[in-house]
There are 2 protein chains.
Amino acid sequence: MLTERQLLVLQIIIDDFIETAHPVGSRALSKKGSIPYSAATIRNDMADLEDMGFLEKTHSSSGRIPSEKGYRYYVDHLIAPLSSEQNIRIIRNIMKEGIYEFEQIVQMSAEVLSELTNYTSIILGPELSETKLKQLEILPLSTHTAVAILVTDTGHVEHRSFTVPGKIDLSDLEKVVNILNDRLKGVPIIRLEEVFQKEIVGLLKRYIDDFGSSQHYLQAIISQSNPVKVYIGGKSNILMQPEFNDVDKIRSFYSMIENENEIANLLKSKKDGIGVSIGNENKVEAIKDLSLITATYQLGKDQMGTIALLGPTRMEYKKVISLLSSLSKELSEALYKWYKTSE
Amino acid sequence: MLTERQLLVLQIIIDDFIETAHPVGSRALSKKGSIPYSAATIRNDMADLEDMGFLEKTHSSSGRIPSEKGYRYYVDHLIAPLSSEQNIRIIRNIMKEGIYEFEQIVQMSAEVLSELTNYTSIILGPELSETKLKQLEILPLSTHTAVAILVTDTGHVEHRSFTVPGKIDLSDLEKVVNILNDRLKGVPIIRLEEVFQKEIVGLLKRYIDDFGSSQHYLQAIISQSNPVKVYIGGKSNILMQPEFNDVDKIRSFYSMIENENEIANLLKSKKDGIGVSIGNENKVEAIKDLSLITATYQLGKDQMGTIALLGPTRMEYKKVISLLSSLSKELSEALYKWYKTSE
DNA sequence: GTTAGCACTCGTATCATTTGAGTGCTAATA
DNA sequence: TATTAGCACTCAAATGATACGAGTGCTAAC
């Protein structure tokens, strides 16, 4: 369907445009020597490629720029995964310090990723669906206040302080904590509230004198919204890209990127492996002129997190894809080592 | 030194410029009716005010805009603190939900503050100098990994996971945790490391068989850098201001605002009460054309945090100052109630 | 002391013109 | 038949002239 030469032309145009962000003209291409045909020949192919929807013009006598369909074809057929010894070296460098803390390493990865690409990186922590409660503690801080701490088997810690009207009865508190731990340890985080309601409320009512007044607080602790953690790196790096030379674009980008929920939803639905969404392929309005590359990483058996890069549709797909797939592999490995003895 | 009329002119010009962001001309002022003098008279006063350095021109035949000296005078002499029933109502609304968590309330305050003003708000958590250790826990997650949790008397929780090469000996761990709690409870956070070195290392060496190999990990837990928490609200709200219509300005603003350390340093040195730094009065290069209004709030006896708003020098000083002072008062009160029983 | 009047300044908006990189099409060439 | 050269045409962006308007400073009159 596409001749050899047309493929070549398409490829060169996209490469060129990715590099320069300027429309690519036939004459300039021919002169640059990366293709041994005359401007006229290239022009013919360009016209064909435009008819087929792979290229576009910004105005009637401009050079060509890739269409989204063009990028899609490019990503699907024209890029060979880069051998990425260099990437791996960089990534190993992040990892080698020894994982002191999962969150730290993720944060750092996000920053490096963005630094390396000048796009904005987003990392989603693992979904909590399979995470289980390891331990629950409630420490009294004073007569009326206490802090509840919730630890999962992945080492994730959540805490919440609260204040109660009456005095805290220390022996009651101990009883409550014991019962809670007894019944809730090993229960998946997302089922905590359900189990609490079904199995524990009744139990506590029998054992604790004035349980009614405390139920509300306990419930708040247990059912705390457990959003997936979102790490974003280099929000301002993306401003280096020429497509963000427009103040309005910056505004809408930032008001999107600051809404973590939206971002989490954006990424949550991604399936395994590398995913590429170009421009309007994205369902979220605010990034319909950006591209999103996602990769997943494994944590334990069933848990999964997502790494992503958000940049202009004119993105260095080759580099980004290889970088993300390296990183996701390394991350999975490091986390495997870290958690393998947990089960 | 300044005539009544000159004061009036200065005041009106600044008010007008704050509102519109456009240079103010004599004719327009006179016509608007807010001052009962002719354009010529106003012009004379304007010229005098310019000679004295309170006003500036953007070019030889433009209207006047306030100079930094002008803003300074305005802030120091021309604004009467707004009676802020409305502010207080808004703020009370934030507070009344009941403080479930200090951090949550601070975060929320920051956002509301920014929403109300369209500037960027910054809140510094309390300095930890006077905060004391309430409890230290180390929970094993698996044979090689554990998570350490550190709770302060203010209900602040820090945690850190780590992995050790050898197996974790549970009875040793218990001993260690007991010794640590025994010796470190009530010790100010900033002195933790010192006390650990002086009093505990020796002790542990005697009690624990293979203490040498674990010392490193314990140390890491205890001496974790305890930076002051920074909450920033409405990073993108400030883009609404017309002075941010320039992409380069946005770039430099964002690369500053994303460096939390720099911001923490910027605010840490502020003394009690309300502080106003206008333009070049700021020592940090990146905000030399912005104004920073700070207020402090109290937490307990000696601890102090800072609330700030960062906006263009053309800032609604009146509104911002009253808003900040109301909020700092409310925050201090709320925190007082919250922590009063702690000691 | 205040104001009216007037010449002057300068940024901004508008419009015509030029320039240059690009295109499509046709005819010549290999 | 596939490629290339040539040419007329298009359009964005840069340049420059012009008009406009909001502003100023200064002087003289009130």
Side-chain angles (χ1 to χ4, degrees), chain A residues 1-10 12-14 16-17 19-67 70 242-243 245-246, chain B residues 1-10 12-17 19-67 70 242-243 245-247:
Chain A
M1 169 183 178
L2 282 174
T3 70
E4 277 299 306
R5 197 181 55 216
Q6 283 170 337
L7 283 180
L8 185 62
V9 169
L10 182 58
I12 292 179
I13 288 178
I14 298 186
D16 205 75
F17 184 72
E19 195 184 329
T20 66
H22 294 302
V24 185
S26 60
R27 217 182 101 83
L29 253 199
S30 166
K31 269 199 175 167
K32 238 187 51 180
S34 41
I35 186 169
Y37 295 96
S38 76
T41 309
I42 295 172
R43 266 206 294 286
N44 291 331
D45 285 341
M46 279 175 160
D48 292 345
L49 287 165
E50 186 177 354
D51 287 344
M52 288 183 273
F54 294 117
L55 295 180
E56 284 172 356
K57 285 191 276 196
T58 59
H59 59 88
S60 75
S61 74
S62 77
R64 301 303 206 290
I65 63 172
S67 68
E243 19 279 279
N245 255 340
D246 171 25
Chain B
M1 172 180 173
L2 281 174
T3 71
E4 277 301 307
R5 198 180 56 215
Q6 283 171 338
L7 284 180
L8 185 62
V9 170
L10 181 59
I12 292 179
I13 289 178
I14 298 185
D15 282 340
D16 204 77
F17 184 71
E19 194 184 329
T20 66
H22 293 303
V24 185
S26 57
R27 215 180 102 83
L29 253 198
S30 165
K31 269 201 175 166
K32 235 187 53 182
S34 40
I35 186 169
Y37 294 96
S38 76
T41 310
I42 296 172
R43 266 207 291 286
N44 290 331
D45 284 341
M46 280 175 157
D48 291 345
L49 287 165
E50 186 178 355
D51 287 344
M52 288 184 274
F54 294 116
L55 296 178
E56 284 174 356
K57 285 191 276 196
T58 60
H59 59 86
S60 76
S61 73
S62 77
R64 303 302 208 288
I65 63 172
S67 68
E243 18 281 277
N245 255 340
D246 171 25
V247 179

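Each chain gets a letter, A, B and so on, in the order its sequence line appears, and its residues count up from 1.
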Asker: Could you give the NZ-to-P distance, from Lys57(A) to dT10(D), as a whole number of Å?
Answerer: 12 Å
Asker: On a heavy-atom basis, which atom in Met46(B) and which in Val24(B) lie closest, and how many Å separate them?
Answerer: CE-O, 3.6 Å
Asker: Okay, side chain of Ser67(A), backbone of Gly53(A): is any donor-acceptor separation there less than 3.5 Å?
Answerer: yes
Asker: Quick check on DNA chain C: between Pro23(A) and Thr58(B), whose nearest nucleotide comes earlier from the 5' end?
Answerer: Thr58(B)
Asker: Hey, are the side chains of Phe54(A) and Ile14(A) touching, using non-hydrogen atoms and a 4.5 Å cut-off?
Answerer: no
Asker: So for the helix from dG1(C)-dC30(D) to dA30(C)-dT1(D), with five pairs setting each end axis, what is the inter-axis angle to 10°?
Answerer: 20°
Asker: At their closest point, which heavy atom of Ser26(B) faces which heavy atom of Ala39(B), and how far apart are they?
Answerer: CB-O, 3.6 Å
Asker: On DNA chain C, does the nearest nucleotide to Pro36(B) precede the nearest nucleotide to Ser62(A) from the 5' side, or the other way round? Give the residue.
Answerer: Pro36(B)
Asker: State, to 0.1 Å, how close Ile42(B) and Tyr37(B) come at their nearest heavy-atom pair, and which atoms those are.
Answerer: CD1-O, 3.9 Å
Asker: Keeping the roles fixed (side chain from Ser62(A), backbone from Thr58(A)), state whether a donor-acceptor pair exists under 3.5 Å.
Answerer: yes
Asker: Please find the earliest and latest nucleotides of DNA chain C, in the 5' to 3' direction, that have an atom within less than 4.0 Å of any heavy atom of chain B.
Answerer: dT2(C) to dG11(C)
Asker: Atom OH of Tyr37(A) to atom P of dA2(D): distance rounded to whole Å?
Answerer: 13 Å
Asker: Kindly say if Ser38(A) contacts the phosphate of dT3(D), meaning a side-chain N or O under 4.0 Å from OP1 or OP2.
Answerer: no
Asker: Might you point out which heavy atoms bring Leu49(A) and Gln6(A) nearest each other, and give the distance in Å?
Answerer: CD1-O, 3.7 Å
Asker: What's the shortest heavy-atom distance between Val247(B) and Asp246(A), and which atoms?
Answerer: CG2-N, 4.5 Å
Asker: In whole angstrom, what separates Leu29(B)'s CG from dG23(D)'s P?
Answerer: 9 Å
Asker: Quick test of your reading: applying salt bridge (charged side-chain N to carboxylate O under 4.0 Å, His left out), list the pairs with at least one residue in residues 19-35 of chain A, sequence neighbours left out, ordered by first then second residue.
Answerer: Asp16(A)-Lys32(A)
Asker: Regarding Ala28(A), tell me which of base, sugar-phosphate or nothing describes its non-hydrogen contacts under 4.0 Å with the strands shown.
Answerer: sugar-phosphate
Asker: Any base atoms under 4.0 Å from Ser60(B), or only sugar-phosphate, or nothing? Heavy atoms, all strands.
Answerer: sugar-phosphate
Asker: What is the distance, rounded to the nearest whole Å, between atom CG of Asn44(A) and atom P of dT1(D)?
Answerer: 15 Å
